[in-house]
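From a predicted model like this one, the values you see are computed outputs, not experimental measurements.
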Amino acid sequence: MSTVLLRRSPFLLPVLLACASLTVMAGATIAPGLPGLLAHFSDHPDADYLTRLILTIPGLAIAITAPLAGILADRFGRRVLLQLGVLVYIAAGSAGLWLNDLSWLLFSRLLLGGAVGMIMVSSMALLTDHFQGPERDRAMGIQSSAMAAGGIVFISAGSILADWSWRAPFAVYLVPVLLLPLVHRYVSKPPPNRDEPGIDGGRFPVAHAMFIYALGFVTMLLFYFIPTQLPFLSLELGADSLKVAGFAVVLSQICSSVASANYQRLRARFGNRQILLGSFLCLATGFFLLSQARSLVTMYASMPLIGVALGFNFPNLTIWLMSKVPASMRGRASGGISTAVFLGQFLSPLLSQFLASRYQLSGAFFGAMLLMLLLVVLPNLIVLWRQRTA
């Protein structure tokens with residue numbers, strides 16, 4: 001154990017955290033520019049749907065490529081896959097600076113999604129390879145905190161740049177150029193496979209994994225109502241700048257970052273299912289406030305609840321998943337959760353736009369709250385009640 005720790009660079013965790021933050025940057029950075037993007041492509045007959053898909057279509061690519069990325073990570077190495085992912089990310093992400101065709105812009109976002117899939121799978125697997133037990137709980141909490149902190153920086157930058165031009169936020173995707181040499185220098189190969197006690201090293205826990213994947217899917221399906229619809233809700237409530245919605249999302253990211261940084265303390269007192277239940281109750285309350293919002297103050301008041309919920313939920317799902325996965329299969333487990341989460345992200349604007357077009361934005365947020373209560377809160381309350389009465 002000590003020899004493994006000696007071989008681990010002190011810069012390994014910060015570099016992996018920086019890589020993880022790119023997954024947030026993939027979609028949320030350009031979210032404040034959606035109204036400008038819609039206005040630019042207003043002549044396109046399907047602009048209303050397609051401009052929202054520019055934000056979330058990377059999720060489709062991740063959903064398709066993440067399982068393959070997981071297999072490649074397990075078979076050929078997670079470090080090489082991470083480097084390749086960052087390189088493709090830079091090229092595809094910044095393409096919006098010059099592309100002027102909606103179809104090609106959508107295609108570049110698909111490539112960006114493939115890159116995110118490689119980065120997310122390899123960085124998650126490398127974290128679980130290099131850290132174990134309480135140290136892993138802490139590392140995963142810090143990872144989610146770093147992702148939220150990255151969201152603060154990137155969404156703030158996107159919000160400011162979006163008032164200048166809808167293209168300007170795409171320049172933020174050039175920032176990871178600075179990360180490439182750091183990945184090459186400080187991300188080391190993982191130590192020999194080490195399984196947690198009680199894990200069957202030869203079998204993938206299919207039922208357990210599918211349960212976690214379903215929770216990840218529902219989480220992202222409903223959460224992504226925020227970046228895709230909040231800019232329009234803020235304008236409806238009287239905002240005179242796109243920065244209003246952007247900084248509301250930043251507030252949620254700040255709260256998410258603080259919550260994730262304290263995940264280890266929560267995990268020491270509560271089980272995974274209890275944390276899940278508390279997170280979704282917070283999320284549902286936040287969405288209820290949005291559904292009743294008649295002013296920007298109420299919209300802002302919902303953001304801390306939503307941020308705290310996500311800050312606890314994402315590290316909780318990852319640790320819950322990996323607690324039963326053999327070390328040699330962590331890449332494919334990471335690929336599976338990535339597929340579930342980003343498939344939910346891809347489908348989210350279809351669901352939110354369907355609800356908003358029929359029941360307005362307030363009805364869309366209220367519908368999302370009801371889905372949370374029915375799909376997650378109620379079933380897990382029943383399970384916890386049965387465990388206590390057994």
Side-chain angles (χ1 to χ4, degrees), residues 19 21-66 69 83-120 150-151 153-180 224 227-232 241-243 245-246 249 338 342-343 345-350 352-353:
C19 290
S21 72
L22 300 184
T23 63
V24 176
M25 179 179 165
T29 300
I30 65 167
L34 281 182
L37 195 62
L38 176 60
H40 183 81
F41 290 107
S42 59
D43 292 340
H44 196 288
D46 297 316
D48 205 38
Y49 273 101
L50 294 181
T51 51
R52 286 172 171 82
L53 288 180
I54 284 175
L55 176 64
T56 60
I57 202 170
L60 177 62
I62 296 168
I64 294 171
T65 61
Q83 291 174 308
L84 178 61
V86 174
L87 189 61
V88 176
Y89 185 100
I90 295 165
S94 61
L97 287 170
W98 54 82
L99 290 176
N100 202 38
D101 181 90
L102 189 55
S103 298
W104 279 108
L105 190 55
L106 285 168
F107 179 71
S108 73
R109 302 294 289 178
L110 281 170
L111 290 179
L112 176 67
V116 171
M118 290 187 281
I119 294 169
M120 189 169 187
V153 175
F154 299 134
I155 296 170
S156 297
S159 299
I160 295 169
L161 293 171
D163 273 346
W164 179 30
S165 165
W166 68 265
R167 289 189 186 275
F170 287 91
V172 181
Y173 292 100
L174 296 172
V175 172
V177 167
L178 303 174
L179 191 56
L180 272 174
Y224 242 73
T228 54
Q229 299 297 343
L230 205 65
F232 300 95
S241 170
L242 297 174
K243 290 195 291 289
V249 178
S338 299
F342 284 94
L343 183 60
Q345 175 182 306
F346 172 71
L347 294 176
S348 181
L350 302 179
S352 67
Q353 190 61 23

Working to the nearest 0.5 Å, report the span between CZ of Arg109 and CG of Leu99. 11.0 Å
Under 4.5 Å between any side-chain heavy atoms of Pro227 and Val249, yes or no? no
In terms of heavy-atom contacts, Ser108 and Ala92 come closest through O-CB, 3.6 Å
With rounding to the nearest 0.5 angstrom, report the OG to CG distance, Ser352 to Leu347. 10.5 Å
For Gln83, all residues meeting side-chain hydrogen bond (donor to acceptor under 3.5 Å, both in side chains), sequence neighbours excluded: His184
Reported CG-to-CD1 distance for the pair Leu112 and Ile62, which is rounded to 0.5 angstrom: 7.5 Å
Ignoring hydrogens, what is the shortest heavy-atom contact between Pro176 and Val86? Give both atom names and the distance. O-CG1, 4.1 Å
CG of Leu106 to CD1 of Ile57, rounded to nearest 0.5 Å, is 5.0 Å
Applying side-chain hydrogen bond (donor to acceptor under 3.5 Å, both in side chains) to Ser338 and not counting sequence neighbours gives none
Drop me the distance from Tyr224's OH to Gln229's CD, to the nearest 0.5 angstrom. 13.0 Å
Could you check whether atom CZ of Phe232 has more than 12 heavy atoms from other residues, nucleotides or ligands sitting under 6.0 Å from it? yes
What closest approach, in Å, do Pro169 and Ser165 show between heavy atoms, and which atom pair accounts for it? CD-O, 3.3 Å
Between Gly85 and Ala115, what is the shortest heavy-atom contact and its length? O-CB, 3.3 Å
Across all chains, not counting sequence neighbours, the side-chain hydrogen bond (donor to acceptor under 3.5 Å, both in side chains) partners of Asp101 are none
Between Val116 and Thr65, does the side chain to side chain contact (heavy atoms under 4.5 Å, CB included) criterion hold? Intermediate values first, please. CA-CA 9 Å; Val116 171; Thr65 61; over 6 Å; no
What class does the angle between the rings of Trp166 and Phe170 fall in, given that below 30° is parallel, 30 to 60° is tilted and above 60° is perpendicular? perpendicular
For Leu22, does its backbone N or O pair with a side-chain atom of Tyr89 as donor and acceptor, under 3.5 Å? yes
Which atoms form the tightest heavy-atom contact between Cys19 and Ile119, and what is the distance? O-CG2, 3.5 Å
In this structure, CD1 of Ile90 is separated from CG of Leu180 (nearest 0.5 Å) by 4.5 Å
